[in-house]
There are 2 protein chains.
Amino acid sequence: MPGHSPAACPAVTEVLSRVGDKWSMQVVMQLGYGSMRFNQLRREIDGISQRMLTRTLRGLERDGLVSRTVTPSVPPRVDYALTALGESLREPVSRLGDWAVANRDTVAEARAAYDLREEG
Amino acid sequence: MPGHSPAACPAVTEVLSRVGDKWSMQVVMQLGYGSMRFNQLRREIDGISQRMLTRTLRGLERDGLVSRTVTPSVPPRVDYALTALGESLREPVSRLGDWAVANRDTVAEARAAYDLREEG
DNA sequence: CAGGATCCGAAATGATACTG
DNA sequence: CAGTATCATTTCGGATCCTG
């Protein structure tokens, strides 16, 4: 593996723990299509609860991946968007996505085979 | 973002939930350096418990990322290695690692700034 | 050596109800 | 609309003890 030092491994873990939760990447990918309001995001991301969307957005904002813009009106309007840092994360994550799409069948088969020869 | 279809997003999540746990990628990265026995892995990966190493290896084996070879001797010998599928995962994960290394300071600063203006 | 079994605490997630 | 607060549940991870 070219250009990969051992020192990078803890860093990988660090990012994955930030990005590896259930919703963060779905939010980032969704915001990759453009700025969006809270309930808009909620509708687009299937199955996310209000609580989890809030928490996920706070986490992403804290890490500087997402910006939050409040327009004090009635009713209030809050827009979320990717920062430059957030944008820069999209490519490496997409690579992982490509891998997932390319190998999902292989993984599914391996899983089925494993379950068969263990449980059986 | 070129070549990224909406349909890929759930797939990203799927991989991340496989790979995003605390130990899986450390194991994969370690096995990237070559085949290894159980306790060897345990020594190399700082802080992992026996239970978690076992569980992580089982998971990776189930998904076809790692192979397990038992040599029936006394004491028993079990070797773990990456499969071709496991090898193929190293590159996209390394990309994420590169991103992590490149941006860890930026993230740390964003985090500190956020905590300051919230808690303060 | 390479685990399996069991117990426990912590953290993530979800459902629901309420609010400026 | 965009949250906060609370509660229940599930999952994760570590510690410990036991075994072929």
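Chain letters run A, B, ... following the sequence lines, proteins first and then strands; every chain starts at 1. Just so you know, these numbers come straight off a predicted model, no measurement behind them.
Checked against salt bridge (Lys or Arg N to Asp or Glu O under 4.0 Å), A/R18 has the following partners two or more places apart in sequence or in another chain: A/D21, A/D63. In this view, A/R77 and A/D79 satisfy the salt bridge (Lys or Arg N to Asp or Glu O under 4.0 Å) rule, not counting sequence neighbours. B/E14 is linked by a salt bridge (Lys or Arg N to Asp or Glu O under 4.0 Å) to A/R104, counting only residues two or more places apart in sequence or in another chain.
The shortest non-hydrogen separation linking A/L96 to B/V15 is O-CG2, 4.2 Å. The two residues B/K22 and A/T13 have their closest heavy-atom pair at O-CG2, 3.7 Å.
A nucleotide of DNA chain D counts as in contact with chain B when one of its atoms lies under 4.0 Å from a heavy atom; the first and last such, 5' to 3', are D/dG13 to D/dG20.
The shortest distance between side-chain heavy atoms of B/L60 and B/L82 does not fall below 4.5 Å. Using a 4.5 Å cut-off on side-chain heavy atoms (C-beta onward), B/Q40 and B/Y80 make no contact.
Residue pairs meeting the salt bridge (Lys or Arg N to Asp or Glu O under 4.0 Å) criterion with at least one partner in residues 36-45 of chain A, sequence neighbours excluded, are absent.
Listed pair B/K22 / C/dA11 fails the phosphate criterion, with no side-chain N or O lying under 4.0 Å from OP1 or OP2.
Per the geometry, CD belonging to A/E118 stands 12 Å off P belonging to C/dG3, to the nearest Å.
Nearer to the 5' terminus of DNA chain C, by closest-nucleotide assignment, is the contact made by A/W23 (compared with the other of A/W23 and A/P76).
The stretch residues 37-75 of chain A comes close to DNA chain C through A/Q50, A/R51, A/M52, each having a heavy atom under 4.0 Å from the strand.
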